[in-house]
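Working notes, structure below.
What's counted below: heavy atoms across the whole structure, side chains too, no hydrogens, waters or symmetry copies. The sequence lines fix the lettering, A, B, ..., with proteins before strands; numbering per chain opens at 1.
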2 protein chains.
Amino acid sequence: MGDAVKVLLYEDNRDLREGIAFLLQATPGLVLGGAFPHVNNIRTDLHVHEPDVVLLDINMPGMSGLEALPIIKSMYPKTQVVMLTVFDDDERIFQAVRSGASGYLLKNTPPAEIIQAVFDVHKGGSPMTSSVARRVLQFFQQPPKTHPADHLLSAREQDILKGLMKGFSYKLIADDLHISIDTVRTHIRNVYDKLQVNSKTEAILKAMKEGWVDGEAGIAPRDR
Amino acid sequence: MGDAVKVLLYEDNRDLREGIAFLLQATPGLVLGGAFPHVNNIRTDLHVHEPDVVLLDINMPGMSGLEALPIIKSMYPKTQVVMLTVFDDDERIFQAVRSGASGYLLKNTPPAEIIQAVFDVHKGGSPMTSSVARRVLQFFQQPPKTHPADHLLSAREQDILKGLMKGFSYKLIADDLHISIDTVRTHIRNVYDKLQVNSKTEAILKAMKEGWVDGEAGIAPRDR
DNA sequence: CCGGCAATCGCATAAAAGTGTGACTTTGTT
DNA sequence: AACAAAGTCACACTTTTATGCGATTGCCGG
């Protein structure tokens, strides 16, 4: 990783492609493996060039960049992909991010910054147009906590609810809190009443929806 | 919001503070309300200056920037806050983001970019140092690992599970899918088996954790 | 001092969920 | 043709949940 950064560019617009290609080519420290108008031969391209960084447009004839992305990341997980597109809607941004994109630039990004982005991404950064970054941040910003539940449920009732949300049975909750199972029943009865539900499941779903989640707020938890 | 952008700067390091303050001051379109070495009078400062943008260091004597942030956002939700710090650990980044920070720059950011960030954030962007952005992206990037659940559960089993996740009772699910309640039992039995759980709640929690979440689930009343 | 509320516990009963076992049909694969 | 997997349905039986109707004990504010 001390050598030149090998780059592939996918962009269907000819002018833009050639413009960026020229810049990449002319930049010391970068090697342009190829600049293609479509991503249909992505597997071959990857095998031939084994790029460090891929600049990937989303809207291209044939296979889209979003479809190609998972292929790239599954074949060469270490290859860094920067989306380079005109779309800044949540749907596409998140699909790209989830699929492993490391950068997301809008096409109005100045050429110099695109070049910079290639270096950035190659050394472990994630260059993003600031408007895109905003979308991403908003996604797990704790929404203006409108905790209607905050003073709706008493402290003890919240304890019980948390128990439910951990998948505990009445017995386990009773055990955990050192109270009788009948007490647990009573509390749950009251919780259901206040929450306007009538089953464990509904209570849990509502509790989560209502921002009650005692884990990371509003973020889709993932593991492995 | 047609005029100059009012900025407050909090930074305990004198040289840095004065350096940035000078730049902010000298930039057309920006008005520096004040540059403070600590955030202890944050409430007063806000009332006096009503800034559009706050540049906020994290490590300061007295109250930290992370403590001040929620105060700022609760008093003036529309005020944009850019963290300006040396810390790039996950913990601090996420605390800041959750609390409503709109930008996050490391202190090695070139002064010109800091200035640019102020404009960026004011017009709705989220300027971030690319290494910070990477941390954020990684957080909800689905690891290349193929979902084990993907082909673990059959199509029908997934239907049933989705039913559970919507808070449906067996009867409702049966109804919904036009099958008998015993069939639902059978499927659920198999789902529990494959998911290694033994209750509705656990199944739902696991399903959500495992990345299955089909988003908003309408909480439907029960049929009793 | 009283009334209300949170928290505790008990008993009883009906409804729902969980489990064991077995079976028939369709569809697709070997 | 034989087989496996998926989907369908049926009983029967145990556990958990959900709910109705009490009751007792503190504690707080008027």
Counterpart residues, side chain to side chain contact (heavy atoms under 4.5 Å, CB included), relative to Asp90(B) (two or more places apart): Phe94(B), Arg135(B)

Helix axis bend for the helix from dG4(C)-dC27(D) to dT30(C)-dA1(D) - C1'-based end axes, five pairs, 10° rounding: 40°

Salt bridge (Lys or Arg N to Asp or Glu O under 4.0 Å) involving Arg156(B) - partner list, sequence neighbours excluded: Asp159(B)

Looking at DNA chain D, which of residues 173-182 of chain A put a heavy atom within less than 4.0 Å of it? none

Short N-O contact, Asp57(A) and Lys107(A), less than 4.0 angstrom: yes

From CE (Met60(A)) to CG (Asn40(A)), nearest 0.5 Å: 8.5 Å

Ignoring hydrogens and geometry, is there a side-chain-to-backbone donor-acceptor pair from Gln80(B) to Lys78(B) under 3.5 Å? yes

For the pair made of CD in Gln196(A) and P in dA18(D), what is the distance, rounded to whole Å? 16 Å

Could you list all N or O pairs between the protein and nucleotides 26-30 of chain C that sit under 3.5 Å apart?
none

Atom pair distance, as rounded to whole Å: NZ in Lys200(B) and C1' in dT19(C): 16 Å

Counting just side-chain N and O atoms, does Tyr170(A) come under 4.0 Å of either OP1 or OP2 of dA18(D)? yes

dA7(C) C1' sits how many Å from Asp193(A) CG, rounded? 16 Å

Backbone N or O of Leu16(A) within a donor-acceptor pair of the Asn13(A) side chain at under 3.5 Å? yes

Reported OG-to-CD1 distance for the pair Ser199(A) and Ile204(A), which is rounded to 0.5 angstrom: 8.5 Å

Atom CG of Leu161(A) to atom P of dA18(D): distance rounded to whole Å? 12 Å

Give me the residues of residues 183-192 of chain A where at least one heavy atom lies under 4.0 Å from an atom of DNA chain D, by number, or none. Arg185(A), Arg189(A), Tyr192(A)

Gap between atoms CG and P, on Asn198(B) and dA16(C) respectively (whole Å): 21 Å

With a 3.5 Å cut-off and no angle check, do the side chains of Asp88(B) and Tyr104(B) form a donor-acceptor pair? no

I'd like to know if the side chain of His49(A) reaches the main chain of Pro51(A), judged simply by a donor and an acceptor atom lying under 3.5 Å from each other, with no hydrogens or angles considered. no

Choosing from dA18(D), dT8(C), dG18(C), which nucleotide comes nearest the side chain of Arg156(A)? dT8(C)

NZ (Lys194(A)) with more than 12 external heavy atoms under 6.0 Å: yes

Can you tell me the distance, in whole Å, between the CG atom of Leu153(B) and the C1' atom of dA5(D)? 14 Å

Any sub-3.5 Å donor-acceptor pair from Arg17(A)'s side-chain atoms to Glu11(A)'s backbone N or O? yes

Nearest 0.5 Å please: distance from the CZ atom of Arg185(B) over to the CD1 atom of Ile179(B). 12.0 Å

Between Arg189(B) and Asp193(B), is there a salt bridge with N-O shorter than 4.0 Å? no

